[in-house]
Amino acid sequence: MEIIHVSAECYPVAKAGGLGDVVGALPKYQNQSGHIAKVVMPMYRTKFLLANEWDVVHKGYTNLGNWWFTYTIIKERNNVLDFDLYLVDINGLLDRDKIYGYDDDADRFTAFQISVVDWISAWSHRPDVIHVHDYHAGLIPFIIKYCYRYQHLQNIPTVLTIHNAQYQGWMGWDKSHFLPAWDPWKRGMLDWKGSINPLASGIKCAWKVTTVSWSYLDELRVSANGLESLFEYEKGKCVGILNGIDSVVWDPATDKYIENHFDTESADKGKLKNKKLLCETFGLDITKPLIVFIGRLVGEKGADLLPQAIRDSFYYIGRTMNFLVLGSGFPEVESELESMKFLNQNDYNVYIGYNEGLSHLMYAGADFILMPSRVEPCGLNQMYAMRYGTVPMVRNTGGLRDTVIDYGDPDGYGIRFNYAAVGDISQAIWRAVEMYKDEEKLKEIRQHMMRLDFSWETSVKQYIDLYKSL
Ligand code: ADP
């Protein structure tokens with residue numbers, strides 16, 4: 001099968017979160033299983049772009065409403081990612097430093113999607129599936145079904161994967177002329193509660209919809225940032241397929257970001273060396289358990305609860321643990337975490353920003369990773385952590401519920417808690433401190449976690465079966 005993935009992110013080209021990781025890995029493993037998977041994404045001004053060689057494979061001319069523009073499709077020449085990677089260049093619109101966060105994001109991603117469809121319509125053959133990811137590519141199923149210019153593509157099956165339903169790409173109806181002339185009877189296929197909603201449109205128009213875990217799919221019927229009833233109505237075409245992790249990139253025995261490699265046999269020693277490096281760098285006490293947080297400092301991740309939970313733990317449990325936080329997001333959370341550095345007694349530090357290398361070192365050197373997420377569609381951190389022998393402390397939600405079993409339960413290994421609340425987090429921290437005291441138990445849990453299989457093979461098979469069912 002020939003599968004074309006359309007996404008705003010793809011690791012290592014451009015990544016802001018889990019979407020990038022998934023789109024950087026899934027096609028590689030689909031290729032390994034004998035299919036032809038390709039990725040097309042916007043051409044941002046990234047290091048990857050400058051560091052690699054490119055061929056121009058197509059030049060096209062299309063329009064975003066009244067604005068006519070030339071777009072260029074370039075292809076990475078040396079297959080460095082193990083799949084064909086295509087970038088869409090639209091001068092001035094996509095070639096920027098950041099992926100998101102511009103006032104004209106609606107224009108940028110709509111023009112991107114129109115260009116992708118326009119390019120595919122110029123192919124001499126048809127792909128077997130167009131697999132779109134999140135709202136940035138959510139209008140494509142509508143465009144190929146209902147825009148007159150592209151209706152000859154309407155028999156190509158489309159799959160939408162929802163990595164995060166919080167972000168939906170709403171735009172006003174004044175932007176409806178952005179799309180190439182479309183069947184006005186199908187207005188409802190774009191609309192959700194009075195605006196154009198690309199994610200809702202994708203859910204309505206794609207042949208199948210997947211979410212990145214089963215529990216997340218269940219939760220979306222109750223809480224989906226306004227789309228609950230749509231998920232309830234469309235449940236027949238929705239399935240949950242858990243993400244895998246790229247076990248080549250995320251392997252403590254070969255990880256290019258860490259110096260002290262280890263495997264299951266050498267985990268205790270290897271982790272200690274990495275912990276030492278972290279403790280030296282961040283002024284922490286190596287004798288205490290190291291609890292880390294890695295991620296976007298936003299409400300979804302429960303990051304706003306961290307400062308109080310850390311202070312409460314120090315106060316009620318005692319200064320018997322270290323905390324190290326890596327992330328960026330809400331300015332008020334960033335500054336509160338920064339300001340807490342002044343209370344540091346060799347047991348707390350924070351790095352505000354995005355740092356891929358540091359994140360790998362933290363997975364490798366930490367004893368515990370805290371994820372008090374309010375919403376977690378799948379969550380990759382807990383899977384990376386487990387592969388690196390780091391015990392996940394997670395809220396009972398979404399993919400966290402599907403991947404972590406509490407160590408109090410049969411066959412369990414992690415720490416789970418029910419509410420995204422300071423009290424529940426502190427209780428989990430107390431349990432972590434207790435677990436750390438029992439060295440033998442911790443070693444046993446590490447071994448267990450590192451042997452768990454979160455590889456892509458199972459998920460790839462489920463995606464292929466899904467495509468075949470179309
Ligand atoms: P989401 O996509 O919702 O942010 P995921 O758990 O699916 O969450 O994926 C998060 C990914 O982003 C992981 O690979 C994590 O290591 C990485 N990440 C998040 N924040 C940072 C950061 N500040 N520095 C480095 N990596 C980060």
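Model, not experiment: these values are computed from the prediction. Each ligand, and each atom within it, is numbered from 1 in the order the structure gives.
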Query raised in the report: Would one find an N or O of Lys15, backbone or side chain, under 3.5 Å from an N or O of ligand 1?
Result: yes
| field | Contact (N/O only, under 3.5 Å) between Met371 and ligand 1 | value | no
Check: What about the rings of His5 and Phe83, do their centers lie closer together than 6.0 Å?
Finding: no
min-distance protein heavy atom vs atom 19 (C) of ligand 1 -> Gly295 CA, 3.6 Å
In this structure, atom 8 (O) of ligand 1 is nearest to the protein heavy atom Lys301 NZ, 3.0 Å
- [ ] Indicate, with yes or no, if the rings of Tyr463 and His131 have centres closer together than 6.0 Å.
- [x] yes
Please determine if Trp250 has a nitrogen or oxygen closer than 3.5 Å to a nitrogen or oxygen of ligand 1. no
re atom 10 (C) of ligand 1, the protein heavy-atom contact at minimum distance is Asn381 OD1, 3.5 Å
If you compare Tyr167, Tyr354, Tyr11 by their heavy atoms, the one closest to atom 18 (N) of ligand 1 turns out to be Tyr354
I'd like to know if Tyr384 contacts ligand 1, where contact means a heavy-atom distance under 4.0 Å to any ligand atom. yes
The option among Leu358, Leu19, Leu380 carrying the non-hydrogen atom nearest to atom 6 (O) of ligand 1 is Leu380
**Message:** Walk me through whether Lys441 and Glu434 qualify under salt bridge (charged side-chain N to carboxylate O under 4.0 Å, His left out).
**Reply:** CA-CA 10 Å; Lys441 180 77 187 166; Glu434 291 303 304; over 6 Å; no
of all protein heavy atoms, closest to atom 7 (O) of ligand 1 is Gly18 CA, 3.3 Å
So, is Ala16 polar-close to ligand 1, with some N/O to N/O distance under 3.5 Å? no
